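Structure record follows, encoded as structure tokens.
The residues of the chain are indexed from 1 along the displayed sequence. Atom set for the values below is all heavy atoms of this structure, side chains included, hydrogens, waters and symmetry mates excluded. These figures come from a predicted structure and were not determined experimentally.
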Amino acid sequence: MLPVAEAERLILNQIHPLNPETESQMVTLDKARGRVLSRPVTSSLDFPHWDNSAMDGYAVRYLDVRDCSPENPAVLEVVGEVPAGIVPDFTLQRGQAARIFTGAMIPNGADTIVMQENTQLQNQKVSVLRATKSGEFIRKQGSFYQAGNILLQSGMLVNMPEVAILAAAQCNQVSVYRRLRVAIFATGNELVPCDRPLAPGQIVDSNQYALAAGIAQMGGIPHCFGIIPDDPEATQKAISGALSMVDVIISSGGVSVGEYDYIDRILKDLGATLHVTKVKIKPGKPLTFATFTESSIPSCLYYFGLPGNPVSALVCFWRFVQPALKKLSGYSSGWQPKFVLAQNRCLLRGGPRETYVWGNLAYTPQGCEFDLAPGLQISANLINLAGTTGFAVIPAGKDQIHPGEWVQVLTI
Ligand SMILES: Nc1nc2c(c(=O)[nH]1)N[C@H]1C(S)=C(S)[C@@H](COP(=O)(O)OP(=O)(O)OC[C@H]3O[C@@H](n4cnc5c(N)ncnc54)[C@H](O)[C@@H]3O)O[C@H]1N2
Ligand code: MOO
Ligand SMILES: [Mg+2]
């Protein structure tokens with residue numbers, strides 16, 4: 001059985017990100033959120049584009065206001081007004097000021113802004129009551145970014161801040177990695193889809209729905225291949241059929257040691273290399289990870305055989321599959337699973353395997369806290385997964401983590 005870190009290393013080492021040259025597409029900015037940039041973005045614009053005012057007030061010459069005070073104000077003649085969006089057509093001379101507003105261009109001759117709260121206006125003359133610093137409240141051209149440099153790096157996930165930046169740089173079309181196509185199927189004679197009546201002995205295939213949701217949530221395209229009976233021919237047919245259509249196949253069930261667990265054997269028959277078959281993790285022990293060589297198969301290179309127990313399948317998804325898919329999708333960073341140190345509120349029980357127990361990770365003003373979900377913490381019980389925000393990790397071989405102790409929590 002492989003330690004968790006070793007299994008993770010073996011999986012992630014096999015993952016080669018999509019090729020930015022051949023596996024990119026252009027999308028318009030309104031479709032870019034959640035996508036990963038496949039080319040660096042540059043702009044021919046400086047940011048700010050020109051010197052502008054950070055305050056509503058008066059544009060002045062610093063030397064005119066340097067020594068002023070409430071007792072000895074600098075009295076300047078107001079010679080013009082510059083609202084945002086207007087190019088000032090005058091030059092400020094000694095003893096002069098211009099009314100100016102936030103975001104407006106700085107007129108020639110001015111080098112400092114005085115905010116209006118520190119002034120008094122009377123008969124076209126403004127009294128500046130407080131000395132100011134040279135250059136104050138001027139947002140200098142190019143002080144945020146200079147044209148021609150890289151604005152956003154390739155491999156960056158586009159979220160709200162990046163959308164704002166791309167819009168400001170007038171990038172209405174961006175090059176992003178294509179979305180991953182992920183085949184999902186479930187194995188098990190006992191399984192039925194959620195809209196069918198249950199006969200005795202049957203349960204709903206919840207894994208396929210959950211995995212499809214997880215894939216969609218991380219930006220992939222799930223292709224649900226349905227429920228495959230516990231039959232070697234049917235299983236082989238399903239895997240072979242999916243291979244030419246997708247980048248990754250995820251199955252659930254059939255990876256343990258039972259008479260009806262065929263996945264590993266069929267993967268070998270199909271020429272796959274099995275890198276991981278058992279991991280020292282609870283839940284999730286019988287995890288299979290395999291690769292196909294590029295020459296033998298046109299499309300799919302990666303196979304995750306997740307255990308059938310519902311919590312085991314999801315823990316394996318969050319701990320191993322999601323990071324691998326993010327790396328494959330072209331993320332240059334941030335694809336690794338995220339752990340935070342939290343103060344534990346309950347008694348957590350471990351065992352010989354690295355144990356993941358689920359519950360609520362709360363971000364409090366004092367730091368993170370972890371509360372165990374009430375109810376049975378066993379891999380068949382998906383009911384108390386509702387509302388789960390994190391999995392506390394009890395290291396392999398550690399019996400207990402007591403309330404008040406610190407614990408690493410996998411965030412999901
Ligand atoms: N003798 C041993 N038995 C088992 C071992 C072991 O080491 N020795 N490992 C156990 C562990 S741990 C796990 S986890 C499971 C994994 O089993 P499989 O991946 O082979 O999955 P199945 O046997 O097909 O099903 C297990 C369980 O999960 C339910 N299931 C399956 N698919 C779904 C689905 N799509 N949606 C919801 N529930 C599903 C299934 O009905 C079973 O109850 O093996 C242990 N056994
Ligand atoms: O690994 Mo199993 O997932 O312990 O139930
Ligand atoms: Mg089994």
Side-chain angles (χ1 to χ4, degrees), residues 12 15-54 84-85 102-105 138-182 212-222 246-248 302 317-340 361 363 368 389-390 409-412:
L12 294 175
I15 304 286
H16 303 294
L18 296 179
N19 181 337
E21 300 304 321
T22 56
E23 298 181 292
S24 291
Q25 61 181 149
M26 297 300 288
V27 293
T28 52
L29 188 51
D30 58 328
K31 304 270 187 315
R33 192 205 58 78
R35 305 298 296 270
V36 180
L37 296 175
S38 59
R39 270 192 222 132
V41 175
T42 57
S43 175
S44 56
L45 295 167
D46 283 333
F47 283 84
H49 313 324
W50 16 263
D51 294 356
N52 70 92
S53 176
T102 306
M105 289 178 102
I138 291 189
R139 307 189 286 212
K140 295 293 284 181
Q141 174 171 354
S143 60
F144 307 163
Y145 164 85
Q146 284 161 11
N149 291 320
I150 290 181
L151 190 59
L152 297 174
Q153 298 282 357
S154 170
M156 196 163 201
L157 177 66
V158 178
N159 263 322
M160 228 172 124
E162 294 74 29
V163 169
I165 295 163
L166 289 164
Q170 298 190 304
C171 296
N172 192 36
Q173 299 265 334
V174 280
S175 175
V176 295
Y177 287 99
R178 66 172 177 79
R179 295 170 70 190
L180 292 183
R181 298 156 305 181
V182 183
I215 295 299
Q217 199 173 1
M218 57 146 299
I221 306 171
V246 294
D247 304 295
V248 178
Y302 307 104
F317 179 82
W318 282 311
R319 184 65 185 82
F320 301 108
V321 181
Q322 183 166 271
L325 297 193
K326 283 186 176 175
K327 184 179 179 192
L328 184 57
S329 304
Y331 283 63
S332 54
S333 63
W335 43 266
Q336 294 88 347
K338 288 182 184 61
F339 295 91
V340 295
L361 175 68
Y363 298 88
C368 292
T389 49
V409 178
L410 172 69
T411 66
I412 59 167

Measuring only between side-chain heavy atoms, which start at C-beta, is [X] closer than 4.5 Å to [Y]?
X: Leu157; Y: Val36; result: yes
X: Lys338; Y: Leu410; result: no
X: Leu29; Y: Asn172; result: yes
X: Val158; Y: Leu152; result: no

Residue pair Val27, Val174: steps toward the side-chain contact (heavy atoms from CB on, under 4.5 Å) verdict: CA-CA 6 Å; Val27 293; Val174 280; 3.8 Å; yes

Minimum heavy-atom distance [X]-[Y], with the two atoms named:
X: Asn52; Y: Gly103; value: OD1-CA, 3.7 Å
X: Pro323; Y: Pro337; value: CG-CD, 3.6 Å
X: Arg179; Y: Gly219; value: NE-O, 3.0 Å
X: Ser38; Y: Pro20; value: O-CB, 3.5 Å
X: Asp46; Y: Gln146; value: OD1-CA, 3.5 Å
X: Leu37; Y: Tyr177; value: O-CE1, 3.4 Å

I need the [X] [atom1] to [Y] [atom2] distance, nearest 0.5 Å.
X: Asp51; Y: Arg139; atom1: CG; atom2: CZ; result: 11.0 Å
X: Ile165; Y: Tyr145; atom1: CD1; atom2: OH; result: 11.0 Å
X: Arg33; Y: Asn159; atom1: CZ; atom2: CG; result: 6.5 Å
X: Ser143; Y: Gln141; atom1: OG; atom2: CD; result: 9.0 Å
X: Arg181; Y: Ile221; atom1: CZ; atom2: CD1; result: 8.0 Å
X: Arg35; Y: Glu162; atom1: CZ; atom2: CD; result: 14.5 Å

Check: Ser329 side chain, Tyr331 main-chain N or O, donor-acceptor pair, under 3.5 Å: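 Flag not set: sc Ser329 to bb Tyr331 has no pair under 3.5 Å.
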
Hey, mind stepping through Met26 and Ser175 against side-chain contact (heavy atoms from CB on, under 4.5 Å) and telling me if it holds? CA-CA 5 Å; Met26 297 300 288; Ser175 175; 3.7 Å; yes

Is it the case that atom [atom1] in [X] sees more than 12 heavy atoms from other parts of the structure closer than 6.0 Å?
X: Gln170; atom1: CD; answer: no
X: Gln217; atom1: CD; answer: no
X: Arg178; atom1: CZ; answer: yes

Between Ile215 and Leu325, does a side-chain contact (heavy atoms from CB on, under 4.5 Å) hold up when you go through it step by step? CA-CA 9 Å; Ile215 295 299; Leu325 297 193; 3.4 Å; yes

I'd like to know whether Leu328 forms a side-chain contact (heavy atoms from CB on, under 4.5 Å) with Trp335, so could you lay out the CA-CA distance, the side-chain angles of the two residues, the decisive distance to 0.1 Å, and finally the verdict. CA-CA 9 Å; Leu328 184 57; Trp335 43 266; over 6 Å; no

